[in-house]
Every structure is written in C-alpha cells, then in structure tokens.
Visitor: 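Provided herewith is a single structure, encoded as structure tokens, for subsequent inquiry.
If you read the sequence from its start, that first residue is 1, and numbering goes on from there.
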Amino acid sequence: MTQIPRQEYPRPNFKREQWMNLNGEWEFEFDDNNLGEKERWFKGKSFSKRIIVPFTYETKLSGINIQEGHNYVWYKRTFSIPKDWEGKNIILNFGAVDYKAKIWVNEQYLGSHVGGYTPFSFDITNYIDHNRENTVYVKAEDEWENKEQARGKQSWIESTFACWYTRTTGIWQTVWLEPVDERCIANVKMKSVVNKGMIDIEANLNFVDEEISLQTDIYYKGEFITSTVVRCTSQKLRFSINVYSKKVSEWGLMLWHPDHPNLYDIEFKIIDNNGKVYDDVKSYFGMREIRVIDGKVLLNGEPIYQRLILDQGYWPDSNITPPDEESIIYDIKMTKEFGFNGVRKHQKAEDPLFLYWADRLGLLVWGEMASFYEFSDTAMKAYMQEWQEVIERDYNHPCIITWTPFNESWGIPNVVINKDEQDYTVAVVNMIRALDTTRPVVSNDGWEHTDTDLLTIHDYEQDAKVIEKKYSSKEDVISRSPIWKRLFAQGYTYKGQPILLTEYGGIAYATSNGWGYGKSAESEEEFIERFKALHDKIKSLDYICGYCYTQLTDVQQEINGLMTYDRKPKVDTQKIRNILKP
C-alpha cells in the first residue's frame with residue numbers, strides 16, 4: 001500500500017478521536033459503456049488500474065494523470081475493522097465525490113448521493129464482518145458535458161478554455177471510517193450572540209433516552225469557562241450557554257476578527273448518570289456578529305472594509321483537491337502576507353480543512369457554490385439540495401462572512417428579464433436566509449441582482465482614470481450602471497445595500513503563456529504601477545466598502561495571479577501590502 005496521503009482529520013470542527021483513514025491506493029476502472037452495474041462489478045471484480053485517493057484520475061498525484069473525459073468510473077478497496085471497534089456502529093464517510101456516487105459494501109448496496117461538493121455518510125454496521133477483510137466499491141457518475149450539474153470552473157468541452165479548467169471526476173476529498181455508539185451526536189449547530197455573551201446550540205442526536213445527558217464543556221486557551229448538562233429527552237436539543245467570563249478578559253468575551261481570530265474550544269459528551277461516556281466530540285466556535293446597516297457591513301458592531309482576493313483553490317498536481325494541509329496553510333498565510341483580510345472562494349465549496357485554518361489564522365471567507373450552466377428543473381432541484389448541504393456543513397465556521405449562490409448570471413442567463421429565473425434566485429436566497437440568519441446573501445455576484453443583501457459589481461477596466469470617472473458618483477452608478485450589464489434585474493431596484501467591487505484587476509503578468517485582463521504587464525514595476533493606480537481609485541470611493549482583486553494565483557491558462565500556479569510570488573509581497581494597508 002502506498003503511503004497514505006492527506007492524513008489529517010478531515011472534519012476538524014466535529015472531531016472524534018477514533019477514526020480510520022481510507023485514503024491511499026484503491027483499485028480503479030473506467031466504465032465508458034456504463035456496464036458495471038449491469039455486470040455486477042461490485043460482486044468481487046478486480047480492476048486493472050490503481051489510483052491514489054483522494055486525488056482524481058485527471059491529476060498527477062492520482063498516479064493516472066489522464067485529462068480526457070470519462071463519465072463513469074469505479075473504485076475498490078478492502079479494509080479491516082480494528083478489534084476494539086467491536087460493539088460500535090461503523091460509519092463510512094465521504095468528504096466529496098463528484099458528481100453522483102453509488103456505494104456497495106461486501107456486495108450490498110448502501111445508497112447514493114448527488115452533488116459533487118458536499119459530504120455524505122452511511123452506517124455500514126450491518127454490512128461488515130469484524131473477522132475478515134471487507135470490500136467497498138464506489139461508482140462515480142460525472143457526465144463531463146452535462147451543464148445541468150453544478151460544475152463551477154470545470155470545462156464541459158474536451159479541452160480547457162478561457163477561465164474554465166480541467167474537470168474533477170470521482171472521489172476528491174478524504175474517505176474515512178468512524179466507530180460510534182448507538183447513542184451518539186449526529187451534528188451540532190452553533191450561533192454566537194455577542195450582545196448577550198451567549199452561544200446558542202442545536203444538537204441533533206440519533207437517540208432519545210431520559211437517563212442519558214449531553215454534557216457541554218467550554219474552554220478558552222485551555223482555561224475552563226463553563227459547563228452545561230441537558231437531558232436527552234428529544235433527538236433535537238436546543239439550549240444556550242453564557243460564555244461571559246472575567247477569566248478571558250476585562251470585558252468578559254474574546255471576539256473573533258481576522259486581526260485577532262479568537263476561538264473557544266467546546267466539547268460535547270453523551271454521558272450517563274455513572275459517568276460513562278458514549279460519545280465525545282470536540283469542536284470550537286468564534287464569538288462574532290455580522291450585520292448590514294446603513295450601507296455598511298459591520299463585524300462585531302464596527303464597519304469592516306473587506307480587502308478580498310479571488311481564490312479558486314486549484315493546484316497544479318491535484319486540481320481542486322489541496323495536495324496537503326501545508327498547502328492550505330501556505331495559501332492563507334500568503335493571502336495575509338500580501339495584505340488582504342479575506343478571500344472570495346470562487347466557484348467551489350472549499351475543503352473543510354481550508355475553512356478550519358481560515359478560522360484559526362484569521363481570514364474572512366465568502367462562501368460560494370459551483371455554478372450549473374443550463375437552467376432546468378433538474379438543475380434547480382439538485383442545486384437547491386446541495387446548497388442546503390453546504391450550509392449544514394459550513395455553518396459553524398466563523399470565518400464565513402457572506403454566502404454567494406450565483407455568479408454573473410451563470411446558469412440563469414436570462415435573469416435580467418425572465419421571471420422564472422428571477423423567482424428561482426429569490427427562492428435560493430430566501431432558503432439560505434432561512435437556514436442561516438447570521439450572514440448576508442448576494443443574489444447574483446457581479447450584476448443583474450434580484451433580492452440581495454449586498455450590491456456587488458464586477459469590472460475589469462484597466463485604466464484607473466476611467467474607473468475614477470465611472471464611479472465618481474454613487475447616484476450615477478445606481479441609476480446608470482457603470483458596466484455593460486444592468487446592476488439589477490428588471491423589477492428590482494437599489495435599496496441602500498452596501499456596495500462592493502467584488503471582481504476587479506485581473507492584471508495579466510506574463511511569467512508564462514496564458515491570458516489575463518488588459519495588456520500584459522512586462523515587469524514588476526509596470527504591474528505594481530497599474531495595481532496601485534486601480535486600488536487607490538477604488539479605495540478613494542467612500543461609498544464602496546470593499547473589493548475583491550482577481551486573483552491569488554495563476555490557474556492553468558489564466559495568468560492574472562499574484563503568484564504563479566506553483567505558488568511562487570510574482571511581485572514583492574511587501575509592495576502589495578503597502579498599497580493595501582488601511
């Protein structure tokens with residue numbers, strides 16, 4: 001067996017001590033004629049290829065490195081259950097499989113999952129044998145030409161083109177096993193209420209037992225703060241905990257902010273009257289509040305100017321799968337080193353480990369899902385479901401400050417005049433608001449907004465003097481769009497929302513062949529001059545409360561990054577930082 005890649009715990013904000021990583025070498029096969037199910041490949045068939053999970057066959061780190069399209073692929077591997085897991089329920093977890101997954105264990109069909117960016121699990125307790133090796137088969141279906149699927153930046157033609165890149169097919173996040181008691185916690189939702197010094201908790205259990213309790217302990221930097229015990233009288237427990245304590249500060253609270261990312265540790269235990277622990281889950285939370293008032297975005301009651309950079313989360317050898325934890329940490333640290341305080345994660349629900357480190361290191365994140373590109377009932381239904389799963393997965397991350405369900409009318413090409421498309425965007429926005437009352441939602445980032453909490457604009461004008469002329473008057477911007485698209489769809493108008501320029505710049509810097517916006521800068525000096533001129537004009541506009549520069553790194557044929565695709569800075573980080581500093 002090849003050394004296991006991606007060995008870190010894959011869900012660090014809901015962590016159990018016992019687990020088994022199933023990353024590493026799996027058997028693999030293409031199934032271009034879609035015969036695998038008909039021929040019952042899951043009944044012991046061996047496959048001719050080997051792949052390194054969680055890297056997809058299109059990537060170098062997978063060991064296959066073929067970019068051609070294959071709609072149906074199969075995986076197989078064996079595993080043994082540790083002896084000390086006997087008597088436990090065994091959960092098989094998948095971080096993400098693009099796009100549709102079907103799972104078999106020991107020739108028994110478990111079920112399926114649709115959606116390429118969200119996790120899913122199966123209880124395999126009744127399908128395994130503790131005394132021999134067990135076998136898991138995975139069939140992944142990913143129709144590379146299908147534009148109804150939420151695919152984001154994955155090309156739907158044979159080659160990459162413009163700003164669409166190599167496809168991702170199959171398992172691309174960690175696969176793992178966990179032993180749990182039949183009395184365990186399914187998930188937890190945490191909401192900080194800063195003005196009350198409270199954390200509101202909703203814990204979902206897989207059992208009801210009045211003789212069993214949920215004990216919740218809270219710490220700050222190892223210092224015990226408080227504990228609460230709630231009887232498990234329902235599968236859904238709702239309660240609040242006061243975390244105010246003079247132990248942490250004179251004010252009694254330590255707030256989360258990108259400049260000081262303070263986090264509280266929290267531990268949930270299912271425990272009986274004799275002190276026996278049935279489940280033990282460790283997590284954390286940040287005390288922070290986001291509000292939109294009078295055209296400003298407030299973080300913890302203070303206006304925050306968002307200095308964002310577009311981050312697409314692609315790597316040369318692993319595509320959308322981070323090659324390792326260190327690569328994630330490096331990208332976040334470099335983002336901050338350049339002087340940005342946040343990222344817009346573009347067209348990708350990012351690996352949870354990225355969000356964990358953004359929480360830890362202090363980085364604002366705009367959460368975004370991958371777009372579909374053909375408006376249909378099938379696309380709408382699947383997209384709505386996947387968005388719900390994204391919010392359930394990511395709700396507890398304090399770093400996420402905004403949700404962005406649509407981008408530049410992708411998938412909703414006629415939204416400016418088509419009421420069906422408009423109604424759908426409103427439905428998605430309101431669904432997100434219902435699931436998460438704590439964050440603003442952008443209806444259609446860039447232009448043609450419907451019901452939106454922020455007015456966001458994309459403008460790649462390269463001449464700073466033109467930017468100054470187009471944006472000098474807020475009233476003119478609202479009444480006469482400064483870009484070639486309308487800012488609002490027909491029937492929708494500006495209602496005082498904060499205004500941000502959420503894509504700009506994209507300056508091409510030709511350290512390799514490719515494309516960017518405008519004439520390619522020929523030197524670092526030329527790049528810095530243009531970057532500074534654009535930034536300074538935008539920053540001088542007092543009604544604009546943030547921006548997002550395109551982009552952090554080059555991606556394949558797109559060469560408008562501050563770093564190359566292999567993460568070498570093209571320009572002096574300190575020079576950029578000096579330009580961006582408040």
Visitor: If you look only at pairs with a residue in residues 244-253, which of them pass as a salt bridge (Lys or Arg N to Asp or Glu O under 4.0 Å), with sequence neighbours excluded?
Guide: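 Residue pairs with at least one partner in residues 244-253: there are none.
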Visitor: Applying side-chain hydrogen bond (donor to acceptor under 3.5 Å, both in side chains), which residue pairs with at least one partner in residues 516-530 are found, sequence neighbours left out?
Guide: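 Pairs touching residues 516-530 that pass the test: Gln462-Arg530.
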Visitor: State which residues pass ring-ring contact (aromatic ring centres under 6.0 Å, His included) with Trp410; sequence neighbours excluded, sorted by chain then number.
Guide: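 Trp410: ring-ring contact (aromatic ring centres under 6.0 Å, His included) contacts with Trp164, Tyr373.
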Visitor: Once ring-ring contact (aromatic ring centres under 6.0 Å, His included) is applied, do any residues pair with Tyr494, and if so which ones, sequence neighbours excluded?
Guide: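 For Tyr494, no residue satisfies ring-ring contact (aromatic ring centres under 6.0 Å, His included) once neighbours in sequence are set aside.
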Visitor: Name all residues meeting the salt bridge (Lys or Arg N to Asp or Glu O under 4.0 Å) criterion together with Lys581; count only those two or more places apart in sequence or in a different chain, and write none if there are none.
Guide: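 For Lys581 there are no salt bridge (Lys or Arg N to Asp or Glu O under 4.0 Å) partners, ignoring immediate neighbours.
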Visitor: If you round to the nearest 0.5 Å, how far is CG of Asp536 from CD1 of Ile467?
Guide: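 Reported value, rounded in 0.5 Å steps: 12.5 Å.
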Visitor: Please name all residues satisfying side-chain hydrogen bond (donor to acceptor under 3.5 Å, both in side chains) with Ser318, sequence neighbours left out, ordered by chain then number.
Guide: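 For Ser318 there are no side-chain hydrogen bond (donor to acceptor under 3.5 Å, both in side chains) partners, ignoring immediate neighbours.
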Visitor: For residues 350-371, which residue pairs qualify under salt bridge (Lys or Arg N to Asp or Glu O under 4.0 Å), counting only residues two or more places apart or in two chains?
Guide: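 Listed once each, the pairs are Arg6-Asp351, Asp265-Arg360, Arg344-Glu368, Lys345-Glu350, Lys348-Glu350.
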Visitor: Atom CG in Asp451, atom CD in Gln497: separation rounded to 0.5 Å?
Guide: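 Reported value, rounded in 0.5 Å steps: 8.5 Å.
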Visitor: Arg16: what forms a salt bridge (Lys or Arg N to Asp or Glu O under 4.0 Å) with it, not counting sequence neighbours?
Guide: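 With sequence neighbours excluded, Arg16 shows a salt bridge (Lys or Arg N to Asp or Glu O under 4.0 Å) to Glu178, Asp279, given in chain and number order.
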Visitor: Mind checking what makes ring-ring contact (aromatic ring centres under 6.0 Å, His included) contact with Tyr549, not counting sequence neighbours?
Guide: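 Result, ring-ring contact (aromatic ring centres under 6.0 Å, His included) vs Tyr549: Tyr504, Phe531.
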Visitor: If a pair satisfies salt bridge (Lys or Arg N to Asp or Glu O under 4.0 Å) and one of its residues is in residues 454-466, list it, with sequence neighbours excluded.
Guide: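 Only Asp459-Lys470 qualify under salt bridge (Lys or Arg N to Asp or Glu O under 4.0 Å).
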Visitor: Scan for salt bridge (Lys or Arg N to Asp or Glu O under 4.0 Å) pairs involving residues 321-340, sequence neighbours excluded, and state none if there are none.
Guide: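 Counting only pairs at least two positions apart or across chains, the salt bridge (Lys or Arg N to Asp or Glu O under 4.0 Å) contacts touching residues 321-340 are Asp331-Arg567.
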Visitor: Can you name the ring-ring contact (aromatic ring centres under 6.0 Å, His included) partners of His257, sequence neighbours left out?
Guide: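 In terms of ring-ring contact (aromatic ring centres under 6.0 Å, His included), with neighbours along the sequence ignored, His257 is linked to His260.
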